[in-house]
Amino acid sequence: MTRLERAATLLAALSAIAVLGFTWKSITQVNSEQALARRGQIADRYTAAAENLGSRDSEDVRLGGVYALQLLMEDSPRDQATVIDVLSSFIRSHRKKPKPGTAETSLTSDITAALTVLASRNSRNDGTTRVDLREADLRRIRLIDGDLNNANLDLTDLRGAILSRAILYDATLGDADLRGAHLQLADLRGAILDGADLRGADLRNADLRDADVRGADLRDAKLDGADLSCTAISEEDLRGARGTPRETTPANCDFDPSRPYSRPTHHRL
């Protein structure tokens, strides 16, 4: 190959490299522009959904806002934490615990939908955000198989709630009112139930391993088949409960039932 031919070959190779570099830069720029456009669309969708959710005049408009936020959460998992916070706040503000003696009000369709969206989310996208329904009036909610793991349910009114097979591991339910609640086969591993009112609750075959149930009222609660392995619970706590649990606290657990119980003060914001 002559010197001229080598030079021509080198020039062709350099040209090809330059073309590839330009093409890559163009693709990167296009991708960046598309990402920015997508974020803008997500922001617009969020704004519209939030406006609908804040409607004071129409339950149907609020319902549309709930479902719009669900679609946004599914399309953009990175925004799931924001949607969780917004829907949690929406439920708390519309379902505040009533004053004693106030008549019970039924759940509206928008609140029911918001609860269902939270309980059916992909919790792996939660990050450090928790479903926060503390102090809400959620009497008789129906969330069979619902996922409320790590949720804040402190001081929540859950009387008569149907939570069979619900995922409630690591949830906090301190001082929650769970009288007559249906918790059959519920996953309550590591849950905090200290001071909860569980009178008449159905906990048959529930998984309470590593849960803290100290100070809870379990009178007439059904415990047949419940797994109480390493559950922080004393014989005194179990007085008045019905049925035979599948497991009780073995000797190799960290919990010492003879240790004096100091009731914590639940966090209120």
Participant: Could you walk me through whether Asp194 and Arg214 satisfy the salt bridge (charged side-chain N to carboxylate O under 4.0 Å, His left out) test, starting with their C-alpha distance in whole Å, then the side-chain angles of each, then the deciding distance to 0.1 Å, before giving a yes or no?
Facilitator: CA-CA 5 Å; Asp194 61 282; Arg214 291 174 292 178; over 6 Å; no
Participant: Which residues pass the salt bridge (Lys or Arg N to Asp or Glu O under 4.0 Å) test with Asp157, not counting sequence neighbours?
Facilitator: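 Partners of Asp157 under the salt bridge (Lys or Arg N to Asp or Glu O under 4.0 Å) test: Arg139, Arg159.
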Participant: Evaluate whether atom CD of Glu104 has more than 12 neighbouring non-hydrogen atoms of other residues, nucleotides or ligands under 6.0 angstrom away.
Facilitator: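 Enclosed: over 12 neighbouring heavy atoms sit under 6.0 Å from CD of Glu104.
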Participant: Which pair of heavy atoms, one from Ala206 and one from Leu183, lies closest together, and at what distance?
Facilitator: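 Scanning both residues completely, I find the closest heavy atoms to be CB-O, 3.7 Å.
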Participant: With Leu178, which of Leu153, Asp197, Leu193, Leu203 fulfils side chain to side chain contact (heavy atoms under 4.5 Å, CB included)?
Facilitator: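 Exactly one option meets the side chain to side chain contact (heavy atoms under 4.5 Å, CB included) with Leu178, and it is Leu193.
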Participant: Clusters formed by hydrophobic residues whose side-chain heavy atoms approach within less than 4.5 Å: which one holds Leu185, and what are its other members?
Facilitator: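 None, because no other hydrophobic side chain comes under 4.5 Å of this residue.
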Participant: Salt bridge or not for Asp75 and Arg45, using N-O below 4.0 Å?
Facilitator: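 Yes, this pair counts.
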Participant: Looking only at heavy atoms, what is the nearest atom pair of Gly243 and Asp224, with distance?
Facilitator: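 Looks like CA-OD1, 3.1 Å.
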Participant: How many angstroms lie between atom CD1 of Ile91 and atom CG of Leu138, to the nearest 0.5 angstrom?
Facilitator: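 It comes to 7.0 Å.
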Participant: Is any NZ, NE, NH1 or NH2 atom of the basic residue among Lys96 and Asp137 found under 4.0 Å from an Asp or Glu carboxylate oxygen of the other?
Facilitator: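 No.
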Participant: Take Asp210 and Arg189 through the salt bridge (charged side-chain N to carboxylate O under 4.0 Å, His left out) test and state the conclusion after the steps.
Facilitator: CA-CA 6 Å; Asp210 298 308; Arg189 288 173 295 162; over 6 Å; no
Participant: Run through Arg142, Gln184, His182, Arg204 and flag the one making a side chain to side chain donor-acceptor pair (under 3.5 Å) with Ser164.
Facilitator: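 Answer after filtering Arg142, Gln184, His182, Arg204: Gln184.
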Participant: Flag the pair Arg134 and Asp154 as a salt bridge only when some basic side-chain nitrogen lies within less than 4.0 angstrom of an acidic carboxylate oxygen.
Facilitator: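 Result for this pair is no, no salt bridge flagged.
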Participant: Verify salt bridge (charged side-chain N to carboxylate O under 4.0 Å, His left out) between Asp132 and Arg130, making sure each step is shown before the conclusion.
Facilitator: CA-CA 6 Å; Asp132 187 353; Arg130 303 175 67 189; over 6 Å; no
Participant: Less than 4.0 angstrom from a charged side-chain N to a carboxylate O is my criterion; do Asp217 and Arg199 meet it?
Facilitator: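 Salt bridge: yes.
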Participant: When you compare the side chains of Asp60 and Ser58, does any donor N or O come within less than 3.5 Å of an acceptor on the partner?
Facilitator: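 Absent: no donor and acceptor within the cut-off.
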